[in-house]
Amino acid sequence: MVDLNFLIPEVISTVEYQKGPYFPDRGDFSTAGSVDIKLYDQIRPFVELTAGSDSYHRAVAAGSMEFDSAHLMGAVEVLRNDGPWLSAANVQKNNVMAEYSTHQEDRTAHIVFSYYENQWDSTDQIPKRLVDAGLMDRFGFIDPTIGGASRRLSLIGNLESETWQLGGYVSNYSLNLFGNFTYFLEDPLKGDQHEQVDRRSIFGGHLQRTFALSQRMDLRIGGDFRYDDVERLDLYQTTQRTRTGVTRRDQVDWLSLGGFLELKLQPIDQLRVTLGVRSDYYDFDVDALIPANGGSGDEFIHLPSMSVSYELNDHVELYANWGQGFHSNDVRGVTISVDPVSANPSASVGLFVDQQGGEVGLRFEGWRGLVTTITYFWLESDSELLFVGDSGSTEPSDGSQRTGFELNTFWNLNQNWTVDVLASVVDSQFTGLPSSADEIPNAHGQVIGAGLTYVDEKIQASLRLRHFGDAPLVEDGSVEHDQTSLLNARIAYDFGHWLISAEFINVLDAEDDDIAYLYESALQGQAGVEDVHFHPVDPFSIRFSVRREF
């Protein structure tokens, strides 16, 4: 899971998504998806204040200055939020971001600085049996002392022209995270609370160059690297955030190097072909509290890809993509030989999980503002990462296959109204297992995101739907996570230099669940019970904002 709390939405100009193993310039985990986020170089200075239900308060200020061919943009965000939980979340988030950009002839350069800090108290998933029996509120808690604190300091630079790009980054990250998923199942006296500690510095960069070999042929060559210097990767047993024992205490050095070639061909005007290949090299060293769990190693992986598109006419294009991808496992799972809790022998896992996928689709655009893409896709993976309730972590499981359809539509009905729909229907199964036990827990069969937006000179209004269909919670499908549907709305009125808005979250006050898992837990003084543990969606709430532009 990626923490995006260091981003300030008001200064983001574009967000570009890519998914699937079809892009040779993308490496680890890009099969699931990757994103490019660009900031505004210039922004009209403003201050915005927001207040809402459950002690939600947010303040953000941003602006920019111009120096000849350069711009300096900055933003500050402060957020406080208790949430609807009976044990207040006490979120205290602070963000600072600045960007210096220059534009000279055919070159642009950006330097971005960001600092993020946050601390909070959590209400993790709770046992369904207690809520159904009326013994606990949906927003109740078992352990009121879980939560965490996080900090991230980053510096990012990028220099590019029409034919080349050069970039680099350095980041320092820290995390202390307290969790308790099984309560008193493992330790009936002190409880099962644990603390995860992460202290690391990250260094990385990329370089790529495009060569025009002919009018119908381009070659792109590039490479990237990342080095994680992990000073602490610890796991402690805790009680009310006080450490009572050590489970793991590790140091990790992890280097990844990647290189790619991408050849783009256009044999005829209507036909475009892209051929790509990527190679990744990983080198790692683990220094573990239990020496037998330490070690080092390295490994290569090579990934071909191909894309073809054909324009039937000015409005319709057919395309097909295929490629091989991968995701890496935690290197501590590669070197492990002894279970740190039981001291029994433990099986290691491979560093890379091979993946392969493809898609065939149709893209339509240019008729009355309508843009539509319909895609059939399939994806095979040699291993799934599944949630493990007794440790709050993930572990590798069997291989899987996913097949399905996706619809992506954006339609400007007229100069004021816009409709967008993103929907998918997916069949997800483990491979090599009996049909009676091949369902992937928490793999939703249907996902829909849709919105209706109205904009004129004074009014901005939107209505958005987010829907997740049923999902199995166990491999035989005997227990399911019910569907979740949320409707959100926003309306704003522009008075010139003033903008007043209201946001309505969960308009229909749906009592659905954000997440749900099936595992065993125990309350204090009681035996363990296998049960659904869920985290509810936020109830109906309102947030009002006032913005002053200068």
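Numbering starts at 1 and runs along the sequence shown. For the numbers below, each heavy atom of this structure counts, side chains included, while hydrogens, waters and symmetry mates do not.
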(message) Centre-to-centre under 6.0 Å for Y115 and F113, is that the case here?
(response)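 Not under 6.0 Å, so no.
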
(request) Compute both the distance and the angle, then confirm whether R466 meets the cation-pi test with F468: under 6.0 Å from the six-membered ring centre, within 45 degrees of the axis. (result)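 Judged by the rule, R466 and F468 form no cation-pi pair.
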
(request) Measure from NZ or CZ of R58 to the centre of the six-membered ring of Y56, then state whether that distance is under 6.0 Å and the direction lies within 45° of the axis. (result) no

(request) Spell out, as yes or no, whether a donor-acceptor pair under 3.5 Å connects the side chain of R547 to the backbone of E48. (result) no

(message) Between H481 (side chain only) and D470 (backbone N and O only), is there a donor and an acceptor less than 3.5 Å apart?
(response) no

Residue pair [X] / [Y], side-chain heavy-atom distance below 4.5 Å:
| X | Y | result |
| --- | --- | --- |
| V11 | E99 | no |
| F29 | S34 | no |
| H206 | N158 | yes |
| K93 | E77 | yes |
| E406 | L422 | yes |
| L263 | M217 | yes |
| W322 | Q324 | yes |

(message) Surrounding CE of M306 (heavy atoms of other residues, nucleotides or ligands, distance under 6.0 Å), is the total greater than 12?
(response) no

(message) Check this for me: Y17, atom OH, are more than 12 non-hydrogen atoms of other residues, nucleotides or ligands nearer than 6.0 Å?
(response)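 No, because the 6.0 Å sphere around OH of Y17 holds 12 heavy atoms or fewer from other groups.
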
(message) Could you report the tightest heavy-atom contact between L175 and S150, atom names first, then the distance?
(response)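 In this case the closest contact between L175 and S150 is CD1-CB, 4.0 Å.
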
(request) Taking all heavy atoms of V532 and all of A516, pick out the closest pair and write down the distance. (result) CG1-CB, 4.1 Å

In terms of side-chain heavy atoms, does [X] have a donor or acceptor partner in [Y] at a distance below 3.5 Å?
| X | Y | result |
| --- | --- | --- |
| T210 | D218 | no |
| W378 | Q356 | no |
| T375 | Y319 | yes |
| H103 | T108 | no |
| S462 | R490 | no |
| N414 | R368 | no |

(message) Rounded to the nearest 0.5 Å, what separates atom CE in M97 from atom CD1 in I156?
(response)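 M97 atom CE to I156 atom CD1 measures 7.5 Å (nearest 0.5 Å).
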
(request) Determine, step by step, whether N90 and D121 satisfy the side chain to side chain donor-acceptor pair (under 3.5 Å) criterion, reporting the C-alpha distance in whole Å, the side-chain angles of both residues, the deciding distance to 0.1 Å, and the verdict. (result) CA-CA 6 Å; N90 293 320; D121 297 324; 2.7 Å; yes

(request) Could you tell me which residues satisfy ring pair (Phe, Tyr, Trp, His ring centres under 6.0 Å) with H535, sequence neighbours excluded, listed by chain and number? (result) W85

(request) Could you give me the CA-CA distance, side-chain angles and deciding distance for S309 and R272, then say whether side chain to side chain donor-acceptor pair (under 3.5 Å) is met? (result) CA-CA 5 Å; S309 62; R272 298 191 305 275; 3.2 Å; yes

